[in-house]
Amino acid sequence: MAASSARRSTSSSRTSGGTAASALDAARKLTSANKVPVVIGEYSSGVTIPLGQFLQQQGLVHMNVGSSSPDVAKIGSLSFSTIGLDTIASKFTAEYLHRNGYRKAALIAPNNAYGSGVADTFKAAFEGLGGQVTNTVLYTEGQTDYRAELQRLRGGSPDVIVYSAYGQESKVLTSQAFELGLSKAVPWFAIYLSMCTADADPRAVEGQLGMDVNYIGPDGKSYEDAYKAKYNQAFATTFSGYAYDAVMMAAAAIEKAQSTEPQQIAAALKEIGKNYSGVTGQIAFDAQNQRSDQPYAVLKYTGGKLEPAN
């Protein structure tokens, strides 16, 4: 590959530790020490947004592969998403629930950029279909007791509870909802079921339904086969293909631009992103460089595994 820049054509990785501060520190090392023109990440909107803003200020390309807050679209012209934002995910969830007869939904999500985005976009989509959101609860992360927040969900007698959570919060929320009998009294539907159940007590989430990003699209079989051959197991997460697509799109853009200059890479990404066949399906960027559509799946947690829902 020919490069018209003094910026080195190199790749490197850093861990974020799951916080904005450590992610920014990792990004500074990548951009100052490793001189990379493109940074891929992250998996929490509260981390991804400041990371993307920093890269935008530095004039470097950012590729989001796992965060879905609508605010990601506001980062700037050098920020791209290979994963759809919550405007798309929430619309899918609202349509699925309404199509299956649910008319009154309560929602609980974290009180951060991701959670507030989910709450706002789901409410707009569900009520636009004629449904009613009876209660919205945004919880503070890091607590050991969410019983008060969970009890508030009973108000208005919802016929479904929509939730999204990750890590320890998911474990605590689902366990306490199970203890209170709330998850038995009212069906629970997860936004990103794999994320919501990854750390949960299997008893607390048995039988739960939820939407999720698809593991692969129509052209993803060879990627799935290569993954299984390498690691001798199925995908550990539904999100893996989005990072793969970002890496391959970045490489294709550098090749197309014949340059490692960020502005030229971004211009090439815009062209490639008009119709790119990724392992997660067709990728087309909208005017804000965000994935305009993508396939989703409805899964069921059963016997400790996620399976396609009937």
Among pairs that include at least one residue of residues 125-140, which meet side chain to side chain donor-acceptor pair (under 3.5 Å), considering only residues two or more places apart or in two chains?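 Every pair satisfying side chain to side chain donor-acceptor pair (under 3.5 Å) with a residue in residues 125-140: K123-E127.
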Members sharing F178's hydrophobic cluster (side chains within less than 4.5 Å): none
Besides V72, the hydrophobic cluster formed by Ile, Leu, Val, Met, Phe, Trp and Tyr side chains linked at under 4.5 Å, directly or via other members, contains I49, I75, L85
Are any non-hydrogen side-chain atoms of [X] and [Y] less than 4.5 angstrom apart?
{"X": "S44", "Y": "Y166", "result": "yes"}
{"X": "D199", "Y": "S170", "result": "no"}
{"X": "K300", "Y": "P308", "result": "no"}
{"X": "F80", "Y": "M249", "result": "no"}
{"X": "I254", "Y": "T260", "result": "yes"}
{"X": "R154", "Y": "L180", "result": "yes"}
{"X": "R291", "Y": "I83", "result": "no"}
{"X": "L55", "Y": "L78", "result": "no"}

Run H98 and E95 through side chain to side chain contact (heavy atoms under 4.5 Å, CB included) and show every step you take. CA-CA 5 Å; H98 194 270; E95 290 175 347; 5.9 Å; no
Qualifying residues under side chain to side chain contact (heavy atoms under 4.5 Å, CB included), relative to I216, sequence neighbours excluded: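 Partners of I216 under the side chain to side chain contact (heavy atoms under 4.5 Å, CB included) test: Y223, E224, F235.
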Which distance, rounded to the nearest 0.5 Å, do you find between the [atom1] of [X] and the [atom2] of [Y]?
{"X": "I272", "Y": "E255", "atom1": "CD1", "atom2": "CD", "value": "9.5 Å"}
{"X": "L269", "Y": "I283", "atom1": "CG", "atom2": "CD1", "value": "10.5 Å"}
{"X": "I191", "Y": "T93", "atom1": "CD1", "atom2": "OG1", "value": "4.5 Å"}
{"X": "D86", "Y": "S164", "atom1": "CG", "atom2": "OG", "value": "8.0 Å"}
{"X": "Q176", "Y": "D201", "atom1": "CD", "atom2": "CG", "value": "12.0 Å"}
{"X": "L97", "Y": "F122", "atom1": "CG", "atom2": "CZ", "value": "5.5 Å"}

Look at the side-chain heavy atoms of Ile, Leu, Val, Met, Phe, Trp and Tyr, link any pair under 4.5 Å apart, and say whether [X] and [Y] land in one connected group.
{"X": "W188", "Y": "V133", "value": "yes"}
{"X": "L107", "Y": "L173", "value": "yes"}
{"X": "V118", "Y": "L138", "value": "no"}
{"X": "F285", "Y": "I265", "value": "yes"}

Could you walk me through whether S277 and Q282 pass side chain to side chain contact (heavy atoms under 4.5 Å, CB included), step by step? CA-CA 5 Å; S277 295; Q282 290 300 118; 2.6 Å; yes
State whether the side chain of [X] and the backbone N or O of [Y] hold a donor-acceptor pair below 3.5 Å, judged by distance alone.
{"X": "H62", "Y": "G41", "answer": "yes"}
{"X": "Q290", "Y": "Q288", "answer": "yes"}
{"X": "K35", "Y": "S32", "answer": "yes"}

Test ring pair (Phe, Tyr, Trp, His ring centres under 6.0 Å) on F126 and Y102 and set out the steps. CA-CA 10 Å; F126 194 61; Y102 296 103; 8.6 Å; no
Grab the two heavy atoms, one from [X] and one from [Y], that are nearest each other, plus how far apart they are.
{"X": "L51", "Y": "A27", "result": "CD1-CB, 3.5 Å"}
{"X": "D159", "Y": "V186", "result": "C-CG1, 3.8 Å"}
{"X": "Y227", "Y": "A234", "result": "CE2-O, 3.5 Å"}
{"X": "T87", "Y": "P70", "result": "CG2-CG, 4.2 Å"}
{"X": "G59", "Y": "P262", "result": "O-CB, 3.1 Å"}
{"X": "E149", "Y": "Q143", "result": "OE2-NE2, 3.3 Å"}

Report yes or no: do [X] and [Y] form a side-chain donor-acceptor pair below 3.5 Å?
{"X": "S45", "Y": "S69", "value": "no"}
{"X": "D245", "Y": "T280", "value": "yes"}
{"X": "Q294", "Y": "N214", "value": "no"}

Sequence neighbours excluded - salt bridge (charged side-chain N to carboxylate O under 4.0 Å, His left out) pairs with any residue from residues 272-287: E271-K274
Taking the six-membered ring for Trp, are Y296 and Y96 closer than 6.0 Å centroid to centroid?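 No; Y96 has its ring centre 6.0 Å or more from that of Y296.
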Flag yes if more than 12 heavy atoms outside N232 fall under 6.0 Å of its CG atom; otherwise flag no. no
May I ask you to check whether over 12 heavy atoms, not counting those of K270, lie within 6.0 Å of atom NZ?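 More than 12 heavy atoms, drawn from other residues, nucleotides or ligands, come within 6.0 Å of this atom.
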Sequence neighbours excluded, the answer for salt bridge (Lys or Arg N to Asp or Glu O under 4.0 Å) partners of E206 is none
Tested for ring pair (Phe, Tyr, Trp, His ring centres under 6.0 Å) against Y192, the lone hit among Y163, Y43, F92, F239 is F239
List the steps and the verdict of side chain to side chain contact (heavy atoms under 4.5 Å, CB included) for V247 and I40. CA-CA 8 Å; V247 171; I40 297 171; 3.7 Å; yes
Flag the pair K74 and D71 as a salt bridge only when some basic side-chain nitrogen lies within less than 4.0 angstrom of an acidic carboxylate oxygen.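 Salt bridge: yes.
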Test side chain to side chain contact (heavy atoms under 4.5 Å, CB included) applied to S175 and R203, step by step: CA-CA 8 Å; S175 293; R203 297 174 304 164; over 6 Å; no
